[in-house]
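The structure displayed is predicted, hence computed values, not measured ones.
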Amino acid sequence: MSRGTRGGGAHEDGAYEDGTYGGGVYEGGDRSASRNGAGNRAGSGTGNSARSGTGSGPADGAPRPHLSHRVPDLGALELLLAVARHGSLGAAAREVGITQPAASSRIRSMERQLGVALVDRSPRGSRLTDAGALVTDWARRIVEAAEAFDAGAQALRGRRDSRLRVAASMTIAEYLLPGWLIALRAERPDTAVSLQAGNSAAVAERLFAGDADVGFVEGLAVPDGLDGVVVAHDRLSIVAAPSHPWARRRAPLDPAELAATPLVLRERGSGTRQVLDAALAAHGGLARPLLELASTTAVKAAAVSGAGPAVLSELAITEELASRRLVAVPVEGVVLRRDLRAVWPAGHRPTGPARDLLSLTRDRPRER
């Protein structure tokens, strides 16, 4: 058999001295595979596995095999498809945005990986070998499937980003979230937002049930099973109508007197009630409530009407204090400060519009 030359000369069987066949490098095996389409070994159904009845997949109960290390990556397959379209390695390189030497190197690497020659290179251009044409056909199906996968993933992200479900305890829902949501609207005008208001316990339940993407609570700590960050701080105030005796007193209330007095309060499970219960636990606990109401607005209205003293967030009473419809009653010896938190199911940090909402909250906090 005569020896060929690099400049277009080849051995009679088409192999160069360095082991290339039409520009492709072999790792061994039957070189004729590239000329007959490599079909018998490439999954055409005529191999040993097909004859033994195992070609369609693993037997029932057997572990599914992992992809072979000989499967090229998508970028290499896209380059091969570009070579097929243009008949030129240089044009293919320009289409995929890499240099021609890088494209040539990637094709050679893919040929080594597959063990077959894919492209014949010549001064007139680059053309696919028979094996290359077959691999290109397979590659086209893989790339099309990947494009469909990517389009589906984008659609899922779009559906996720098209809505935001927020659950928040009453004070945050009424006095903080409106401003945050207006700012979010400016950044994400196409996102539809729904807000469910309730006490802190109800917020946790909605998150666990998957009915909310992010929640905001007012309690002493992050509920079990949730992660969270502090987004703001708040203080509870004792308030009364101007006609109430407490509105005229000069000396601060002491914790025992506060604990013994029936008050207008939020219901159990609310963040306000949790903080107050904890603060007065060492002083005999709260007396039986005068009224127990399910919203901040209802508690405030009862206090303004003169029903009795109430405990409310400072965020909720700014206008009432300024207009003297309510009077703040001083108290000493008890801490009524609390942290307001964004929360979500443990291990599932918010993404998309929920993440953007967190970035707009007033205090960017440390994670718990």
Side-chain angles (χ1 to χ4, degrees), residues 4-47 55 57 65-158:
T5 65
R6 299 281 184 144
H11 296 300
E12 291 177 354
D13 64 355
Y16 291 127
E17 297 176 39
D18 64 354
T20 63
Y21 176 78
V25 181
Y26 287 95
E27 294 182 333
D30 183 6
R31 289 189 178 95
S32 65
S34 66
R35 285 172 290 200
N36 64 21
N40 289 344
R41 291 183 314 194
S44 62
T46 61
H66 297 294
L67 283 175
S68 167
H69 69 282
R70 291 183 179 273
V71 176
D73 61 62
L74 283 173
L77 296 179
E78 288 179 317
L79 175 62
L80 182 64
L81 291 174
V83 171
R85 282 193 295 272
H86 296 287
S88 163
L89 196 58
R94 288 191 294 274
E95 179 180 317
V96 300
I98 60 177
T99 64
Q100 183 167 338
S104 181
S105 174
R106 184 172 290 187
I107 292 292
R108 286 196 300 271
S109 176
M110 185 163 43
E111 289 173 329
R112 287 193 297 270
Q113 186 179 13
L114 293 173
V116 294
L118 301 173
V119 178
D120 278 331
R121 304 163 181 82
S122 73
R124 293 184 300 276
S126 301
R127 69 174 185 84
L128 300 177
T129 64
D130 290 342
L134 184 59
V135 171
T136 299
D137 185 48
W138 296 335
R140 185 173 293 107
R141 297 180 217 169
I142 293 171
V143 171
E144 288 173 352
E147 290 171 345
F149 179 92
D150 184 49
Q154 287 183 7
L156 287 176
R157 288 193 297 272

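Heavy atoms only, all atoms of each residue included: Pro72 and Gln113 are closest at CA-OE1, 3.5 Å. When all heavy atoms of Ala103 and Leu79 are compared, the closest pair comes out as O-CD2, 3.5 Å. Across all non-hydrogen atoms, the minimal contact from Ser126 to Val83 is CB-CG1, 4.4 Å. When every heavy atom of Val96 is checked against every heavy atom of Ala82, the shortest pair comes out as CG1-CB, 4.4 Å. Looking at every heavy atom in both residues, Met110 comes nearest to Leu77 through SD-CD2, 4.1 Å.
Here the CG-CG distance, from Leu128 to Asp137, works out to 11.0 Å after rounding to the nearest 0.5 Å. Rounding to the nearest 0.5 Å gives a distance of 4.5 Å between CD1 of Ile98 and CZ of Arg106. Taking CZ from Arg94 and CG from Leu89, the interatomic distance works out to 10.0 Å, rounded to the nearest 0.5 Å. To the nearest 0.5 Å, atom CG of residue Leu118 and atom CD1 of residue Ile107 are 6.5 Å apart. For the atom pair Ile142 CD1 and Glu147 CD, the distance stands at 12.0 Å (nearest 0.5 Å).
The closest side-chain donor-acceptor pair between Arg140 and Thr136, if any, does not fall under 3.5 angstrom.
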Stepwise, does the side-chain contact (heavy atoms from CB on, under 4.5 Å) test hold for Leu80 with Val119? CA-CA 9 Å; Leu80 182 64; Val119 178; 4.2 Å; yes
For Glu95 and Arg85, what are the C-alpha separation, side-chain angles and deciding distance, and is it a side-chain contact (heavy atoms from CB on, under 4.5 Å)? CA-CA 10 Å; Glu95 179 180 317; Arg85 282 193 295 272; 2.3 Å; yes
